[in-house]
Amino acid sequence: MFVSNLPGSLQGAWGNAPFLQVNSPKIGILGQNTPAQDVLGRMSENLMDVRQQTSLQDRVELKFSGVLDTEYSALSEVPTETLKCFAGLLDAYARFNSMTEHALTEYRDQLTAFDQTIQEYQDMLDGKTALPEDMTTEQVQAMLDLVKETRAQFLQDGGKEVNRRLAFSNSYADDRLFNHVASAVLGESFENAGKGADFWRIDPNAEDIYGEIDRALGAVDSLTQTCRQGLGAIATELKRRGYDDSDFMHYYSQWYQSEKPQLLCSDMNALVERTLADLREKSLAISEGIDD
């Protein structure tokens, strides 16, 4: 999450309160109790390159190629080592999917901040609240126009990034291996498998953009919850067989000990930083009475 402070006089009615204030960082969807040595655990706040994600999925399917041809009627029939692999797979997909949740949440929070700021400037122009002492009506109008323009651009650019992430979640949901594992562990395939690309995307031009975001977050959460339910069922079964968490929770990271995908900074975070930096620069020009 990012905060941008208005330069000098433009803080006005907010005093020292931050401009475009968004919520503080939240604990990830999987919580914070992840193994310190888990390579995948260190991916949770980064977005992977498309080729790296595809390559990882191909390697996983190759590892499980024999498993895909085996049907299990009960979790108790699944061999222990296979269950450990299933746990690693579900954990990985849940972590990757949490990146989509992060992008959607960041997108929503920034749009909310823009809308709140727009409303505050509009209230000043409508006489509902006082103008900042060191700002003219013309400057407030210029700031209102600037924030509206910036929001419109972020709406489109952020929507593209969100849809890029949602495309990954779509691929996870329709993945043959993932649904095979879900069937073996939970008795049925993922409920939103096969819904199609339109289900896993948002329309930035929709009349109710927040409704679009909430719908997508619901779909993303359903995928994560399926992974978590599967992990819970596997943990219960492995504990019944005499294993504790330490016997299998690190299995996946050990499996890919030498396979460390290139990690990139979140594209959504980078977009927010660029957007707010540009806004700060242009708002400073307005506060100084500079006409671009």
Side-chain angles (χ1 to χ4, degrees), residues 1-26 45 47 100-166 201-217 265-292:
M1 300 297 181
F2 296 90
V3 173
S4 171
N5 289 317
L6 278 174
S9 63
L10 291 185
Q11 289 186 3
W14 292 274
N16 293 319
F19 177 60
L20 293 184
Q21 173 78 53
V22 296
N23 296 331
S24 59
K26 302 183 292 298
E45 293 185 356
L47 295 177
T100 307
E101 184 218 15
H102 168 78
L104 279 162
T105 301
E106 188 76 358
Y107 185 54
R108 179 196 63 198
D109 288 350
Q110 292 300 334
L111 287 175
T112 299
F114 279 124
D115 289 340
Q116 291 173 345
T117 303
I118 288 170
Q119 186 60 57
E120 291 188 4
Y121 281 129
Q122 190 61 60
D123 285 347
M124 291 178 192
L125 293 175
D126 292 343
K128 295 179 180 179
T129 58
L131 293 176
E133 293 181 1
D134 48 2
M135 286 185 70
T136 66
T137 300
E138 289 74 17
Q139 284 178 314
V140 172
Q141 181 64 63
M143 280 302 302
L144 175 60
D145 294 341
L146 173 61
V147 175
K148 285 182 176 180
E149 176 185 342
T150 305
R151 181 198 187 275
Q153 188 62 53
F154 179 76
L155 179 68
Q156 298 301 318
D157 294 343
K160 290 178 182 178
E161 173 56 24
V162 162
N163 282 330
R164 188 181 75 85
R165 287 298 331 163
L166 283 168
R201 63 179 291 107
I202 65 167
D203 179 6
N205 298 314
E207 183 175 350
D208 181 9
I209 184 59
Y210 294 110
E212 283 283 286
I213 295 171
D214 287 344
R215 177 188 58 77
L217 278 170
C265 292
S266 164
D267 289 346
M268 177 59 78
N269 288 348
L271 172 62
V272 171
E273 286 184 330
R274 291 195 304 271
T275 300
L276 297 186
D278 184 61
L279 180 61
R280 282 193 294 269
E281 182 178 352
K282 291 179 178 178
S283 65
L284 180 60
I286 292 173
S287 72
E288 295 175 349
I290 299 175
D291 226 343
D292 286 340

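G159 approaches I202 most closely through the heavy-atom pair CA-CD1, 4.4 Å. Here the closest heavy-atom approach between residue P132 and residue V140 is recorded as CD-CG2, 4.4 Å. Nearest heavy-atom pair, M135 versus Q139, reported as atom, atom and distance to 0.1 Å: CA-OE1, 3.3 Å. Nearest heavy atoms, L104 versus V162: CD2-CG1, 3.3 Å.
Among pairs with a residue in residues 208-217, those fulfilling salt bridge (charged side-chain N to carboxylate O under 4.0 Å, His left out) read E212-R215, at least two apart in sequence or across chains.
Within the 4.5 Å cutoff, the side chain of F154 has no heavy atoms near those of the P204 side chain. Side-chain contact between L217 and R108: present, with at least one pair of heavy atoms (C-beta onward) separated by less than 4.5 Å.
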Subject >> Residues T117, R151; criterion side-chain contact (heavy atoms from CB on, under 4.5 Å); working and verdict >> reply: CA-CA 10 Å; T117 303; R151 181 198 187 275; over 6 Å; no
Subject >> Worked check of side-chain hydrogen bond (donor to acceptor under 3.5 Å, both in side chains) between Q153 and D157 >> reply: CA-CA 6 Å; Q153 188 62 53; D157 294 343; 3.1 Å; yes
Original post:
Can you check side-chain contact (heavy atoms from CB on, under 4.5 Å) on L155 and F114, steps first, answer last?
Top reply: CA-CA 10 Å; L155 179 68; F114 279 124; over 6 Å; no
**OP:** I would like to know whether L276 and Q110 meet side-chain contact (heavy atoms from CB on, under 4.5 Å); could you show each step before the answer?
**Re:** CA-CA 10 Å; L276 297 186; Q110 292 300 334; 4.2 Å; yes
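One finds the CG atom of L125 at 9.5 Å from the CD atom of E138 (value rounded to the nearest 0.5 Å). Distance OH/Y107 to OG1/T112: 11.0 Å, rounded to 0.5 Å. For the atom pair CD of E161 and CD of E106, the computed distance is 11.0 Å after rounding to the nearest 0.5 Å. Note that the OG1 atom of T137 and the CG atom of L131 stand 4.5 Å from one another [nearest 0.5 Å].
With hydrogens and angles disregarded, no donor-acceptor distance shorter than 3.5 Å links the side chain of T105 to the backbone of H102. Put simply, the side chain of Y210 gets close to the backbone of L111: a donor and an acceptor are under 3.5 Å apart. Not one N or O on the side chain of D126 forms a donor-acceptor pair closer than 3.5 Å with the backbone of K128. The main-chain N or O of R165 is found under 3.5 Å from a side-chain atom of T100 such that the two form a donor-acceptor pair.
D145 and Q141 share a side-chain donor-acceptor pair at under 3.5 Å. A side-chain donor-acceptor contact under 3.5 Å links D123 and Q119.
Salt bridge absent: D278 and R274 never bring a charged side-chain N and a carboxylate O closer than 4.0 Å.
Surrounding CD of E207 are at most 12 heavy atoms belonging to other residues, nucleotides or ligands under 6.0 Å away.
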